[in-house]
Amino acid sequence: MSEAAGADTLAAHAKASPPTDADPAPRGTPCRSLAGDPMLVYLIRRIGGALGVVAVMAVVVFLAIYAVGDPVEVLASPEADQAERAAIAQRLGLDRPLVIQFVTFIGNALQGDLGRSFVYNVPAVEVILQRLPATLELALAGLLIAMVLGIPLGLVAGLRPNSWTGRGIMSGSILGFSLPNFWIGLMLILLFAVQLRILPASGRGETVPLLGVPVAFLTLDGLRHLVLPALTLALYKTALVIRITESGTREVMGQDYIRFARAKGLAPARIVLVHVLKAVLIPVVTVLGLELGSMIAFAVVTETVFAYPGMGKLLIESINRLDRPVVVAYLMLTVVIFVVINLVVDLAYAALDPRVRLGGQDA
Amino acid sequence: MSAAAALPSPTPAGWLRRYARRPGAVIALVVLVMLVAAAGLAPWIAPQNPYDLAALDIMDNMLAPGQELGTGRIAWLGTDDQGRDMLSAILYGLRISLGVAIASVAAASAIGATLGVVAAYAGGFVEALIMRVVDLQLSFPAILVALVLLAVFGRGIDKVVIALVVVQWAYYARTVRGSALVESRREYIQAARCLALPRGRIVFRHLLPNCLGPLIVVATVQIAHAIALEATLSFLGVGVPVTEPSLGLLIAHGYNYLLSGKYWISVFPGVALVIAIVAINLAGDRLREVLNPRGAR
């Protein structure tokens with residue numbers, strides 16, 4: 001019985017997750033002759049690919065961002081004369097040829113230095129890392145809400161697909177998918193901050209240090225500030241969790257081992273909470289892991305709506321102020337986060353499912 | 001349900017009948033047609049031209065919904081800070097939002113479908129190359145890619161369309177490649193190959209038309225995504241220019257007044273946006289059920 005559950009889990013797992021690099025799986029022969037362990041070969045190949053993506057993105061990001069506008073125009077005071085402007089350009093290294101700037105950028109980037117912010121005049125990485133805890137807090141709170149709301153609703157919808165409740169939940173999830181994030185945020189502000197006046201509309205509130213990192217979720221004021229942005233950010237993922245849980249539940253309910261459990265006379269609650277949930281949770285967790293990166297990206301919108309001092313708001317501000325090093329540093333950090341998440345998921349698949357690393361030969 | 005009954009009827013009328021079995025989907029379609037008509041006819045049916053400065057009266061600014069303008073006409077949805085009639089602004093905004101979305105989806109699906117069908121038929125290196133780029137594109141969230149592109153290009157309707165095409169084509173490429181891989185194993189493609197038809201003819205005359213079903217479904221839903229994405233970008237201030245505001249930009253503009261209780265300037269454009277998106281999604285969802293016999297209920 002547990003074997004059946006395991007196989008089914010893998011099938012649901014592979015099905016429910018968005019197609020990743022595993023799709024055009026390496027088509028070569030299994031490398032058993034080259035090295036003893038196909039997993040090792042796969043590992044090396046995937047890490048090489050990930051580094052390649054980071055390198056390509058570094059070039060693209062640098063060229064794109066350094067083609068934008070002239071930061072001197074923004075930084076120099078309107079009365080500044082030609083000499084002052086030239087001095088600013090020289091100080092920022094903008095007077096040198098683009099190729100030289102690029103080589104310097106890559107050289108420094110390899111040492112973890114992504115340049116100094118033009119606006120704050122401190123290392124760009126530092127500016128971003130200062131804002132990182134706020135964004136991570138928001139994203140994790142969003143993930144938590146998505147699971148707490150999404151899994152029970154998805155289970156209900158999956159167990160009663162043809163009832164009004166089930167249909168209502170699924171229609172609601174379409175709304176969650178399609179409504180623009182910022183609009184939801186505005187409506188929450190209108191309702192809770194303007195009409196009811198029970199929650200604040202903007203900011204992060206009071207923070208306390210936890211292991212040297214300022215966090216807001218340990219203070220009442222911080223929590224009150226976190227609720228609306230986190231809820232806004234969570235909405236899309238909640239809809240996603242509902243969909244995955246629903247389809248997983250419907251699929252699992254028809255399986256032999258569930259029918260067997262029923263025949264054995266197990267309580268329905270136990271069947272759902274232990275056997276169904278176990279099979280459904282794995283794809284949910286996988287997908288949410290994959291989605292953590294996109295939540296950080298979506299935080300750009302949420303943070304702007306709620307004036308929440310995280311990385312996303314910083315990105316918008318930096319784009320508007322042409323603070324190139326900060327924009328580049330933000331994008332490189334995001335690229336690395338995405339590549340790492342994808343890599344970890346791919347390697348986890350390969351570890352769990354031999355078909356992936358053997359190139360789908362026995363599939 | 002027998003297997004024969006589950007197959008979609010071959011005629012358009014049959015499809016329409018199947019579609020109409022869901023009353024909600026019919027309402028969505030009617031609303032959608034009305035919105036498209038309103039957007040298309042905006043210059044003729046809007047009470048005023050909201051961007052003709054001569055038509056605006058600053059004395060009419062910030063009127064609440066239902067109040068009377070200086071000209072005696074009633075502003076059913078209120079006016080903004082410059083005395084602009086919100087109903088007119090929304091009709092014009094809807095026109096820009098829908099136009100941008102439809103243009104971007106048309107271009108992205110054409111590019112994506114071509115690349116997808118070529119990848120599936122060519123195989124080998126070409127396929128690997130195209131699909132790697134698709135994977136790379138899809139591994140980054142659309143909003144972030146579009147945001148950076150627009151930060152580089154600057155504001156503008158054409159630039160928004162380009163950015164939306166860049167972030168969308170990969171979905172179509174992946175969808176069409178999937179169905180083309182299945183179709184190219186069918187007998188009629190093998191027959192066409194045996195007849196030694198030119199490759200271009202096989203791919204574009206025989207293979208591509210048979211992969212359009214899933215493409216249409218993806219494209220319908222993608223229009224809603226494109227509207228939402230464009231609204232988001234405009235809300236963030238990197239989308240359409242202030243001279244040609246879409247619904248997203250109207251909402252962003254009204255956001256400044258939201259906290260002081262002047263809700264109508266951002267709420268009504270938002271309601272229009274939400275109605276459009278929900279209608280497209282409901283219609284698209286039903287379309288998928290109709291076109292995909294296995295998903296039929």
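Below, read A as the first sequence line, B as the second, and so on, with proteins coming before strands; counting in each chain starts at 1.
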Open item on the list: Could you measure the distance from the CG atom of A/Leu175 to the CG atom of B/Asn281? Nearest 0.5 Å is fine.
Closed with: 8.5 Å
Open item on the list: Within residues 53-60 of chain A, which residues come under 4.5 Å of chain B, heavy atom to heavy atom?
Closed with: A/Val53, A/Met57
Task: Region of A/Val194 that comes under 4.5 Å of a non-hydrogen atom in chain B - done: side chain
Open item on the list: Distance check, rounded to the nearest 0.5 Å: A/Ile174 atom CD1 versus B/Asp285 atom CG?
Closed with: 4.0 Å
Open item on the list: Under 4.5 Å from any heavy atom of chain B, what part of A/Ile341 do you find: side chain, backbone, both or neither?
Closed with: neither
Open item on the list: So, taking the atom named CZ in B/Phe235 and the one named CG in A/Leu186, what distance separates them when rounded to the nearest 0.5 Å?
Closed with: 5.0 Å
Open item on the list: Within the structure provided, determine whether B/Val278 and A/Leu179 are in side-chain contact (heavy-atom separation under 4.5 Å).
Closed with: yes
- [ ] Report the C-alpha separation of A/Tyr330 and B/Leu144 in whole Å, then their side-chain angles, then the decisive distance to 0.1 Å, and conclude whether the side chain to side chain contact (heavy atoms under 4.5 Å, CB included) test is met.
- [x] CA-CA 11 Å; A/Tyr330 174 93; B/Leu144 205 60; 4.0 Å; yes
Task: Winner by heavy-atom pair count (cut-off under 4.5 Å) against chain A, out of B/Val238, B/Val148, B/Ile280 - done: B/Val148
- [ ] To the nearest 0.5 angstrom, please state how far the CG atom of B/Leu258 sits from the CE atom of A/Met187.
- [x] 6.5 Å
Open item on the list: Would you compute the distance between atom CD1 of A/Ile316 and atom CG of B/Leu147 and round it to the nearest 0.5 angstrom?
Closed with: 4.5 Å
Open item on the list: Is A/Val305 in contact with chain B via its backbone, its side chain, both, or neither, using a 4.5 Å heavy-atom distance?
Closed with: both
- [ ] Identify the heavy atoms of B/Pro141 and A/Phe338 that sit nearest to each other, and give their distance.
- [x] CD-CZ, 3.1 Å
Task: Residue-level interface, residues 217-229 of chain B with chain A, non-hydrogen cut-off under 4.5 Å - done: B/Ala228
Task: Non-hydrogen side-chain atoms of A/Thr334 and B/Phe140 separated by less than 4.5 Å - done: no
Task: Where B/Leu273 and A/Phe182 come nearest, the two heavy atoms and their spacing - done: CD2-CZ, 4.3 Å
Task: Atom pair CD1/CG of B/Ile143 and A/Asn181 - distance to nearest 0.5 Å - done: 8.5 Å
TODO: Taking all non-hydrogen atoms of both residues into account, name the closest pair between A/Trp183 and B/Val271 and its distance.
DONE: CH2-N, 3.7 Å
